[in-house]
Amino acid sequence: MQLFKNQTLKVSNSLTGKKEVFKPIKEGYIGMYVCGPTVYSNVHLGNCRTFMSFDMIFRYFRHLGYKVRYVRNITDAGHLENDADDGEDKIAKKAKLEQLEPMEVVQRYTVDFHETLQKFNFLPPSIEPTATGHIIEQIEIIKEILEKGFAYERNGSVYFDVVKFNETHDYGKLSGRKLEDMIANTRDLAAQDEKRNPQDFALWKKAEAQHIMRWPSPWGDGFPGWHLECTAMSTKYLGENFDIHGGGMDLKFPHHECEIAQAEASNGHSPVNYWLHANMLTLNGKKMSKSTDNNIYPNEIFSGDNNILSKAYAPSVVRFFMLQAHYTSILDLSDDALLASEKGYYRLMDGLKSLADVPTSPTTDFDIKAWQQRCYDAMNDDFNTPILISHLFEAIKHINLIKGGKESISENDKALLQRIFKDFVFEVLGLENPQQSDNNSETLSGVVQLLIQLRNNARANKDFATSDKIRDELAAMGVQLKDGKEGTTFSIN
RNA sequence: GGCAUCGUGGCCGAGUGGCUAGGCACAGCUCUGCAAAAGCUUGUACAGCGGUUCGAAUCCGCUCGAUGCCUCCA
């Protein structure tokens with residue numbers, strides 16, 4: 001099904017600052033690269049929001065019938081800690097701290113990353129390359145940039161010459177900065193550097209004797225610079241020019257700006273047609289960040305073991321919460337917001353569940369085709385999941401009216417509605433049906449049905465003490481009974 | 001200091017010139033043995049000031065406030 005032929009999708013392109021009609025380089029195919037995590041600690045919730053945004057985008061492209069090659073890297077070589085640390089990288093630093101081999105650190109946190117993403121029901125990317133697996137490619141790119149004259153070597157390190165590059169190219173076009181402004185506003189710390197200009201960035205860094213992670217190169221033993229791995233891996237798997245590059249807003253400058261510069265300097269091509277940036281998740285109004293301790297880990301939310309939230313929340317609830325905001329907006333995490341999302345999420349799931357048992361009629365009081373197109377329109381407008389969700393709730397309302405006998409739906413339309421719901425709720429939004437994940441659901445369901453029968457018998461005999469006992473004790477166990485026109489149903493929270 | 005983004009009703013959060021976003025909470029009603037669930041109805045909004053316009057939450061200017069980037073971070 002090549003749905004994309006009938007749908008016009010618009011995306012917010014950071015490169016132009018505009019919402020543009022999306023047109024892939026090759027019809028029917030999409031190449032997408034997203035900057036992945038640095039695996040030197042557990043993945044925090046802010047990271048998850050970015051990857052969730054692109055998981056949703058990946059899912060929608062697939063739903064539209066595109067063949068997508070989605071590349072998301074693992075940064076296992078570490079970036080430079082900061083200038084003051086003089087070349088010690090994050091992975092190596094953590095390794096010393098914990099008395100582990102660097103690759104042991106990498107392994108531990110890569111596993112954590114995958115486990116967490118699986119709980120959130122993320123689809124795996126098509127390729128998940130590692131920085132350390134692409135040292136040769138990175139060295140090749142450095143050679144090309146040196147040949148073109150946009151880099152220089154100093155004492156075993158290689159730096160990108162931003163000023164020279166800017167003479168013939170536009171350094172700052174993605175982030176809206178001008179090199180002159182950057183130079184004028186540079187806080188000149190200690191002018192200790194080997195760099196010609198403070199704006200220059202490292203392509204290759206010489207490894208000091210104590211540095212553990214090191215590779216041989218034409219410039220001596222060292223390790224690759226901060227921005228090079230993404231250029232190497234995106235070029236290798238998606239080509240010199242590809243459709244979409246995504247990442248968190250905080251990577252726009254300098255990381256993505258430098259990627260553009262590296263690609264243009266080495267092969268002359270602007271690497272990416274559409275730059276997509278997901279916005280930050282904040283906690284207490286501030287950006288979540290590992291370095292400032294203003295963060296919460298996914299497992300702390302799932303277990304309720306934290307000082308911020310009043311209770312535990314399921315991964316699906318957190319996913320639903322995040323998708324209720326647009327991916328380009330800042331979203332603030334709070335207990336009130338999660339509680340509201342949790343209720344809404346169960347309302348959506350309950351409504352969806354009751355659709356299966358709804359009675360049918362010869363006619364339908366609700367234009368399902370028009371509603372379906374409104375759902376597509378929402379997604380086509382820069383993946384507007386909050387609007388899509390509002391449409392889903394509109395349909396839930398109709399379902400509840402049908403259930404209550406106030407509206408009707410035909411057999412065919414019911415099947416159609418079920419299919420569309422399945423498409424958007426499970427396939428596109430990637431939500432999970434809480435009932436399906438329960439292994440003992442059949443047994444449990446039978447037991448509850450039996451209790452419902454006993455309660456109804458008691459009610460018929462006006463033995464309300466017994467009926468209320470059954471209802472209240474079940475409620476205390478998290479099983480809620482709902483008396484409707486068609487009999488009593490239940491849901492488990 | 002520079003660049004950028006944002007400020008929507010009790011809370012979260014869509015919406016870029018005129019038409020009900022949605023969820024949660026609150027109130028009333030219907031239903032119910034009573035509740036819950038569901039449905040119906042209602043309310044309080046667009047930070048402030050000024051401008052453009054027949055008309056602005058939406059465009060422009062200023063003020064105030066918040067956030068992000070400018071140094072590793074999604």
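Proteins get letters first, then strands, A, B, ... in listed order; numbering begins at 1 in each.
Between the P atoms of U41(B) and C24(B), the separation comes to 16 Å (whole Å). Separating the C1' atom of U53(B) from that of C60(B) is a span of 12 Å, rounded to the nearest Å. Taking atom P on both nucleotides, C62(B) is separated from G2(B) by 13 Å, rounded to a whole Å. Here, C19(B) and C59(B) have their P atoms 16 Å apart, quoted to the whole Å.
Residue side chain Arg471(A) does not reach the base of A36(B) through any donor-acceptor N/O pair under 3.5 Å, judged by distance alone. For A35(B), the base has a donor-acceptor partner in the side chain of Asp483(A) [N/O atoms by modelled type, under 3.5 angstrom].
Here G13(B) is the nucleotide among G13(B), A74(B), G33(B) with the atom lying nearest to any side-chain atom of Ala325(A). Distance from the side chain of Ala337(A) is smallest for C12(B) among the nucleotides C69(B), C12(B), A14(B). The Arg177(A) side chain lies nearest to G2(B) when the options are A74(B), G22(B), G2(B). Listed nucleotides G33(B), A21(B), A37(B) differ in distance to Asp468(A); the shortest reach to its side chain belongs to G33(B). The Gln480(A) side chain lies nearest to A37(B) when the options are A37(B), A74(B), A14(B). Minimum atom distance to the side chain of Ser467(A) is reached by G33(B), of the listed G13(B), A21(B), G33(B). The side chain of Asn47(A) sits closest to C73(B) out of G23(B), A21(B), C73(B).
Taking only side-chain nitrogens and oxygens, Lys343(A) never comes nearer than 4.0 Å to OP1 or OP2 of G23(B). Between Arg455(A) and the phosphate of A36(B), there is no side-chain N or O to OP1/OP2 separation shorter than 4.0 Å. The side chain of Arg72(A) contributes no N or O atom lying less than 4.0 Å from OP1 or OP2 of A74(B). Contact between the side-chain N/O atoms of Ser329(A) and the OP1/OP2 oxygens of A14(B) is found at a separation under 4.0 Å. Applying the 4.0 Å criterion to OP1 and OP2 of C69(B), one finds that Lys287(A) has a side-chain N or O inside that range. Of the side-chain N and O atoms in Arg347(A), one or more sit less than 4.0 angstrom from OP1 or OP2 of G23(B). Within the structure, every side-chain polar atom (N or O) of Asn400(A) is placed at least 4.0 Å from both OP1 and OP2 of A38(B). Contact annotation: Asn384(A) side-chain N/O to A14(B) OP1/OP2 distance is not under 4.0 Å. One finds no side-chain N or O of Lys397(A) lying less than 4.0 angstrom from the OP1 or OP2 phosphate oxygen of G22(B).
Of the charged side-chain nitrogens involved, at least one lies within less than 4.0 Å of a carboxylate oxygen, so that Asp381(A) and Lys19(A) count as a salt-bridged pair.
For the pair Phe253(A) CZ and U5(B) C1', the interatomic distance rounds to 17 Å; values are reported in whole Å. Rounded to a whole Å, the OH atom of Tyr33(A) is 13 Å from the C1' atom of A74(B). G23(B) atom C1' lies 13 Å from atom CG of Asp336(A), rounded to whole Å.
Gly172(A) comes within contact range of no nucleotide atom at all, as no heavy-atom separation falls under 4.0 Å. Using a 4.0 Å heavy-atom criterion, one finds that Phe393(A) contacts the sugar-phosphate atoms exclusively. Nucleic acid contact for Gly484(A): none, since no nucleic acid atom lies under 4.0 Å from a heavy atom of the residue. Leu338(A) comes within 4.0 angstrom of no nucleic acid atom, judged by non-hydrogen atoms across all strands.
Toward the 5' end of RNA chain B, the nearer of the two residues Leu339(A) and His398(A), judged by each one's closest nucleotide, is Leu339(A).
Note on ring orientation: taking the six-membered ring where Trp is involved, the planes of Phe120(A) and Phe122(A) are tilted (angle from 30° to 60°). Note on ring orientation: taking the six-membered ring where Trp is involved, the planes of Trp371(A) and Phe421(A) are tilted (angle from 30° to 60°). Taking the six-membered ring for Trp and thresholds of 30 and 60 degrees, His134(A) and Tyr237(A) have ring planes more than 60 degrees apart, a perpendicular arrangement.
A 4.5 Å side-chain heavy-atom check between Pro224(A) and Leu203(A) finds every atom pair outside the cut-off.
For the residue pair Asp463(A)/Thr466(A), the side-chain donor-acceptor check at 3.5 Å is satisfied. There is no side-chain donor-acceptor pair under 3.5 Å between His114(A) and Gln118(A).
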